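Nothing here was measured: the structure is a model prediction, and the numbers come from that model.
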Amino acid sequence: MNEYFPSVLVGHRPDQYRMCFTAGAHSARHVRRIIRSYLREWDLGELADAVELAATELLANVVRHVPDRRCTLVLLRQAGGGGVRVEVADGSPRLPVLAGEVRDDAEGGRGLVLLDAVVDKWGVGPGPGDGKTVWFECSPQVRDDCDGTTTP
């Protein structure tokens with residue numbers, strides 16, 4: 001399967017994508033392909049690495065911490081091409097906790113640390129039923145002509 005289908009073949013992509021599914025071992029790979037394809041279509045391809053990594057970490061949390069592994073992923077293009085917002089909602093009331101210090105030999109605990117490092121902002125809100133929605137936003141970096149620095 002091609003990783004990307006040119007818009008000539010599939011038409012204009014709407015400003016959001018929504019998918020409900022049961023997360024499994026191969027879900028992250030498929031979701032990364034979908035995300036990359038939408039970001040390219042929206043001329044936000046420069047965000048692909050960060051958005052894919054962050055979404056993968058949220059899906060890993062669903063697999064690890066949500067008993068039925070059911071979730072809804074929403075990918076939203078922000079107005080004016082200003083970036084993207086990703087939401088992962090599940091039915092578990094268990095809230096994510098940003099780990100303080102993680103031992104070198106620990107098998108988990110780094111996901112939210114990675115998320116925090118690669119996105120502009122993230123948070124948790126109410127989700128379906130007693131569940132939650134974990135979200136993050138990424139914006140393109142804008143180069144400041146005066147001093148060469150980048151800002152989100």
State the OG1-CG distance between Thr133 and Asp90, to the nearest 0.5 angstrom. 7.5 Å
Between Arg36 and Asp49, is the closest basic N to carboxylate O distance under 4.0 Å? yes
Rounded at 0.5 Å granularity, tell me how far OG in Ser139 sits from CD in Glu46. 10.0 Å
Leu39 and Ala48: which non-hydrogen atoms are nearest, and at how many Å? CD1-CA, 3.6 Å
Sequence neighbours left out, what passes ring-ring contact (aromatic ring centres under 6.0 Å, His included) with Tyr17? Give chain and number order. Tyr38
Find out whether Pro96 and His65 are in side-chain contact, i.e. whether some heavy atom of one side chain is under 4.5 Å from a heavy atom of the other. no
How close do Pro140 and Leu44 get, counting heavy atoms only, and between which atoms? CG-CD2, 3.8 Å
Check for a donor-acceptor pair, side chain of Ser37 on one end and backbone N or O of Ile34 on the other, with a separation under 3.5 Å. no
So Glu57 and Leu112, do their side chains get closer than 4.5 Å, heavy atoms only? no
Is the shortest side-chain heavy-atom distance between Val84 and Leu75 below 4.5 Å? yes
Test of understanding: with side chain to side chain contact (heavy atoms under 4.5 Å, CB included), list the residues that count as partners of Val31, not counting sequence neighbours. Met19, Phe21, Ile35, Leu59, Leu73
Co-membership, hydrophobic cluster, residues Val113 and Val63, 4.5 Å side-chain: no
Heavy-atom nearest pair, Trp135 first then Glu87, reads CB-CG, 3.8 Å
If you round to the nearest 0.5 Å, how far is CD of Glu137 from CG of Leu76? 9.0 Å
Any chain of hydrophobic side-chain contacts (each under 4.5 Å) joining Val74 to Val86? no
Heavy-atom pair of closest approach, residues Gln78 and Cys138: OE1-O, 4.4 Å
When rounded to the nearest 0.5 angstrom, what distance separates CG in Leu58 from CG in Leu114? 11.0 Å
OG (Ser92) and CG (Asn61) are apart, to the nearest 0.5 Å, by 10.5 Å
What's the spacing between Gln16 CD and Arg18 CZ if we round to 0.5 Å? 8.0 Å
Residues forming a side chain to side chain donor-acceptor pair (under 3.5 Å) with Trp122, sequence neighbours excluded: Asp116
Least distance between heavy atoms, Cys20 atom then Arg70 atom: CB-NH2, 4.5 Å
